[in-house]
Engineer: 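Shown below is the structure under consideration.
Below, read A as the first sequence line, B as the second, and so on, with proteins coming before strands; counting in each chain starts at 1. Model, not experiment: these values are computed from the prediction.
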Amino acid sequence: MTMFGKQAITKTLAALIVALIVIAAISGVFVYQYMQPTVLEKKTVSIGFISTLTGFVSSTGTRHLRGAELAVQDINNKGGVLGMNMSLIIEDEGAGSAATVSATSRLVAAQPFAIVGYYFSGDLLAAEPTLVNNKMLTIATEPTALTILDPIQKDYETYKYIFQMHTRIGQGTPIVGFVSDVVKAKTYVSVSENYAWANLQNEWIEQQLTDRGIQKLAADYLPGDTNDYSTEIAKIASLHPDVVYVCMSGTNEALFQKQYVQNPNTAAIPIMHVPTGGVEIPSVVKDLVASQPGSVDYMAQGTYGLPYIVKTDKTLAYYAEYQNAYGEAATLFADGMVYDDVMLLAQAINTAGKLDREAVIKVLETQSYTGVVGTWKFGQDHRAIWEVPELTGAIIQYVPNDSAIVTNIIWPSSIANATYVKPP
Amino acid sequence: MAYEIYLQILINGLLIGVVYGLIALGMSLVYGVTGVLNISHGSFYMLGGFAAYVTTVTLGYSPVYGLILSFVSMLALSSLIERYIVEATLVNETNPIFVTLGIAIIIEQVANVVWGTYPKSSVSLVHGNLALGAIFVPAQNLLVALLSLFLYYVVWTFIKRTKDGRAIRMVAENSELSRTFGVDVRRTNTISFGLGSALAGLSGGLLSMIFLVFPGDQWNALIIAMVIVVLGGMGEIWGTLVAGIAFGVLDTYTQFVLPRFATIDVLALTLVILLIRPYGLLGKKAERV
């Protein structure tokens with residue numbers, strides 16, 4: 001191994017020390033700024049938050065965090081919980097389950113009253129022993145795997161601390177609408193990332209499409225870290241389906257779309273994405289179109305991002321608040337769900353009247369909560385029963401128009417303001 | 001299914017494999033000369049992609065300038081990092097691994113703050129496709145692959161024909177001995193680290209035209225680079241090209257036949273190859289080239 005002279009190392013060390021001093025000074029300014037709020041003067045109820053703040057689904061994780069932050073802000077503006085302010089302890093779910101377990105351990109060590117979040121089922125499953133061993137009340141936002149709460153039937157006392165918000169219905173409804181009503185397809189291909197949520201969604205979607213006599217030509221699942229979809233896209237082209245639907249999230253969804261339109265044989269096949277916060281995000285669509293004209297032609301997108309899809313008495317106010325805070329439209333699927341997670345937790349604490357997990361669990365098991373996404377209540381198995389008023393989704397199509405990108409609602413007909421622009 | 005699909009997949013695998021090889025070439029060069037397993041290699045790839053994005057989408061300049069910025073900015077940044085941080089920790093084999101891991105995490109967090117978490121897409125050099133009957137070749141994929149091959153030639157020429165290149169080869173063979181011949185080992189290490197990282201940056205710039213760029217992207221690139229370097233042999237320029245192509249073709253075929261096992265197959269194969277040939281497919285039984 002190469003070694004260097006003493007003089008050089010001394011200079012380098014000096015440079016490092018200076019750099020560390022500068023970093024420490026800058027960090028000090030940040031810490032000073034962020035530690036100033038008056039919450040420090042008052043006892044707080046801290047809630048742990050964990051989601052994918054980095055990595056390929058960080059766009060969704062970021063929305064989760066925003067939803068949690070808005071909820072905490074609204075709770076505190078209305079007097080907090082049990083007269084105390086609520087605060088968040090934030091952790092990144094990280095890349096892989098090992099990172100999630102570490103992050104969960106850090107959260108548990110910080111002793112929050114409860115933890116809200118999680119994105120991947122596998123990550124939560126890995127962290128579940130840490131959570132239940134520490135009797136940590138956890139409201140899991142995105143994980144859909146049934147195995148998370150299967151053990152509760154046999155061992156209620158151990159697993160009663162876990163609640164699962166995500167339900168299997170919802171995301172698939174617009175897909176079925178697009179394939180059967182909009183395109184009137186006879187054949188289809190589905191492409192999904194190989195995660196529990198996509199498997200569960202597809203199970204339901206495929207049954208719906210089979211019932212309607214629509215033939216499946218292929219249903220492929222690809223690893224979540226796939227970069228190059230060219231082969232899958234070539235396969236789709238060779239199958240000549242009437243329509244393609246995609247169950248991917250975040251960056252994967254946008255990456256697939258970018259490569260899909262690069263293949264001239266698939267570019268003209270109608271494609272639709274489930275609403276997951278990938279190509280549903282206007283800035284992502286804008287970037288795609290700017291870098292490659294035609295990127296979203298003939299692409300349909302399922303959405304919960306419109307205020308008239310779900311209407312409770314809280315929906316519109318939340319949309320306005322989110323838009324005002326972050327300059328973009330809220331989605332009920334990502335940020336709205338976490339907002340409701342935190343709000344229903346606060347309601348349960350207030351109803352219980354004390355910071356006692358056992359008491360709060362009893363409230364969660366018996367009480368329903370109407371939030372911005374709909375009305376939530378938990379079944380005996382601690383899985384959420386989501387009562388969505390009116391619709392369960394809609395379909396939009398982005399139509400580039402000079403310098404702007406117009407968003408048309410194309411399904412369902414009761415709220416549509418345009419028809420689907422089909423391939424020639 | 002028609003035979004064209006298999007030919008199409010082969011072409012896809014070849015084209016993407018050449019670029020994967022280019023990502024790995026820089027890592028191989030850095031390890032081969034300095035002995036540093038650079039975990040921040042993928043971060044320079046990611047930043048190179050962002051450089052192309054900023055140049056082409058944010059500022060609206062030609063992709064050519066984006067690629068130049070990808071290379072030059074990563075050359076400058078990585079040279080500074082090598083000179084003032086990595087080198088100071090070169091007291092054993094493991095220190096640089098943890099130091100460059102730390103650098104990778106810092107770069108990711110900074111990228112998160114600067115560009116946000118949403119994926120970005122940079123403007124392509126060319127658009128459209130070349131049609132060969134039922135088979136088509138995306139013009140930008142072809143161009144990116146050809147540019148990558150050209151860069152292989154440039155790097156090979158640099159190492160074989162220039163004074164700095166000769167120094168790199170000498171240091172790679174034996175750094176202590178080369179010092180006695182008057183080679184400035186410290187400067188050579190910086191050049192190697194800078195050049196290797198700049199190649200990662202340029203790969204990121206090129207692939208941002210085909211893929212997307214986002215904070216966190218670097219880990220995928222790092223894994224691809226490490227697998228290819230291991231397969232091709234540490235420090236083997238042409239070995240990385242062959243291994244890159246093998247990776248690309250195998251991965252695309254698996255994606256077609258057994259989609260759920262794409263990528264996993266390559267990792268499994270790497271383990272098998274290492275068990276049979278611990279120095280890689282084309283690597284020599286020496287510490288470094």
Side-chain angles (χ1 to χ4, degrees), chain A residues 1-5 8-9 11-13 15-16 19 52-62 95 191 194 220-223 225-235 237-239 250-255 258-259 262-265 278 281 283-284 287-295, chain B residues 1-2 4-5 8-9 12-13 16 34-35 53 56-57 83-85 87-88 90-93 108-109 112 116-124 127 129 131 136 138 140-141 171 175-176 185-186 189 209-212 214-217 219-220 248 251-253 255-256 259-264:
Chain A
M1 180 56 60
T2 311
M3 298 290 286
F4 301 100
I9 290 175
K11 276 184 184 174
T12 309
L13 278 175
L16 260 179
T52 49
L53 299 177
T54 55
F56 75 98
V57 282
S58 55
S59 56
T60 308
T62 303
V191 188
N194 193 18
D220 288 335
Y221 292 84
L222 298 163
D225 60 354
T226 304
N227 257 335
D228 178 23
Y229 294 104
S230 58
T231 296
E232 177 62 27
I233 291 164
K235 179 180 174 181
S238 72
L239 293 170
T251 301
N252 283 348
E253 194 178 45
L255 185 51
K258 182 176 180 181
Q259 294 176 38
Q262 286 169 359
N263 185 319
N265 297 321
I281 298 167
S283 64
V284 173
D287 266 354
L288 278 176
V289 174
S291 65
Q292 184 175 289
S295 286
Chain B
M1 197 165 288
E4 288 95 340
I5 183 74
Q8 179 73 68
I9 292 164
N12 291 346
I16 205 67
T34 66
Y53 166 75
T56 60
V57 175
R83 177 56 69 99
Y84 293 106
I85 300 175
E87 187 190 314
L90 268 175
V91 291
N92 59 42
E93 294 268 353
E108 181 178 358
Q109 295 306 322
N112 257 324
T117 56
Y118 294 161
K120 313 291 184 199
S121 179
S122 67
V123 177
S124 302
H127 295 283
N129 295 280
F136 82 97
Q140 65 173 356
N141 292 35
V171 173
S175 60
E176 291 305 321
V185 174
R186 186 178 176 186
N189 278 346
M209 297 169 189
I210 301 171
F211 300 157
L212 299 171
F214 55 96
D217 193 20
W219 303 117
N220 219 354
D251 198 38
T252 49
Y253 265 100
Q255 194 181 112
F256 180 67
R260 286 178 197 255
F261 293 93
T263 309
I264 299 167

Engineer: Based on non-hydrogen pairs under 4.5 Å, which of A:Leu222, A:Thr226, A:Asn227 is most in contact with chain B?
Structural biologist: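 Of the options given, most contacts go to A:Asn227.
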Engineer: To the nearest 0.5 Å, tell me how far A:Ser230 OG sits from B:Ile210 CD1.
Structural biologist: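 Those atoms lie 9.0 Å apart.
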Engineer: Need one label for B:Thr56: side chain, backbone, both or neither, based on atoms under 4.5 Å from any heavy atom in chain A.
Structural biologist: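 Nothing of B:Thr56, per the 4.5 Å heavy-atom cut-off to chain A.
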Engineer: What pair of heavy atoms forms the shortest contact from B:His127 to A:Ser291, and how long is it?
Structural biologist: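 Closest pair (atom of B:His127, atom of A:Ser291, distance): CE1-O, 3.8 Å.
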Engineer: Test B:Pro119 against every option in A:Asn252, A:Thr251, A:Asp287, A:Leu255 by the side-chain contact (heavy atoms from CB on, under 4.5 Å) rule and name the one that passes.
Structural biologist: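 When side-chain contact (heavy atoms from CB on, under 4.5 Å) is applied between B:Pro119 and each of A:Asn252, A:Thr251, A:Asp287, A:Leu255, only A:Thr251 qualifies.
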Engineer: Measuring heavy-atom distances to chain B, does A:Ser283 have an atom under 4.5 Å in its side chain, in its backbone, in both, or in neither?
Structural biologist: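 Answer is side chain: those atoms of A:Ser283 sit under 4.5 Å from chain B.
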Engineer: Contact part of B:Gln255 toward chain A, heavy-atom cut-off under 4.5 Å: side chain, backbone, both or neither?
Structural biologist: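 Both backbone and side chain.
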Engineer: Is it the backbone or the side chain of A:Asp228 that comes under 4.5 Å from a heavy atom of chain B, or both, or neither?
Structural biologist: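 Contact with chain B is through both the backbone and side chain of A:Asp228.
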Engineer: Specify the closest pair of heavy atoms between A:Ala234 and B:Ile5, including all atoms of both residues, with the distance to one decimal.
Structural biologist: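 So the minimum-distance heavy-atom pair works out to O-CD1, 3.2 Å.
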Engineer: Heavy-atom pairs under 4.5 Å with chain B: which of A:Glu232, A:Lys258, A:Gln262 has the most?
Structural biologist: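 Winner by heavy-atom pair count: A:Lys258.
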Engineer: State whether the number of non-hydrogen atoms from other residues, nucleotides or ligands found under 6.0 Å of B:Tyr253 atom OH is greater than 12.
Structural biologist: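 It does: B:Tyr253 OH has more than 12 such atoms within range.
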Engineer: Is there a donor-acceptor pair closer than 3.5 Å between any side-chain N or O of B:Asn220 and the backbone N or O of A:Asp225?
Structural biologist: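 Flag set: sc B:Asn220 to bb A:Asp225 pair under 3.5 Å.
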Engineer: So which of B:Val57, B:Ile9, B:Ile16, B:Asn129 has the largest heavy-atom pair count under 4.5 angstrom toward chain A?
Structural biologist: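 It is B:Asn129.
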Engineer: What part of B:Phe136 gets closer than 4.5 Å to chain A, counting heavy atoms only: side chain, backbone, both or neither?
Structural biologist: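 Just the side chain, heavy atoms under 4.5 Å.
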Engineer: Taking the side chain as everything from C-beta on, heavy atoms only, tell me whether A:Gln259 gets closer than 4.5 Å to B:Phe211.
Structural biologist: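 Yes, at least one pair of side-chain atoms sits under 4.5 Å.
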Engineer: Is B:Pro215 close to A:Thr54 at the side-chain level, that is, under 4.5 Å between some pair of heavy atoms?
Structural biologist: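 No, every pair of side-chain atoms sits at 4.5 Å or beyond.
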Engineer: What pair of heavy atoms forms the shortest contact from B:Val123 to A:Ala290, and how long is it?
Structural biologist: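 The pair with the smallest heavy-atom distance is CG2-O, 3.9 Å.
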Engineer: Can you tell me which portion of A:Asn265 sits under 4.5 Å from chain B's heavy atoms? Options are side chain, backbone, both or neither.
Structural biologist: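 Contact with chain B is through the side chain of A:Asn265 alone.
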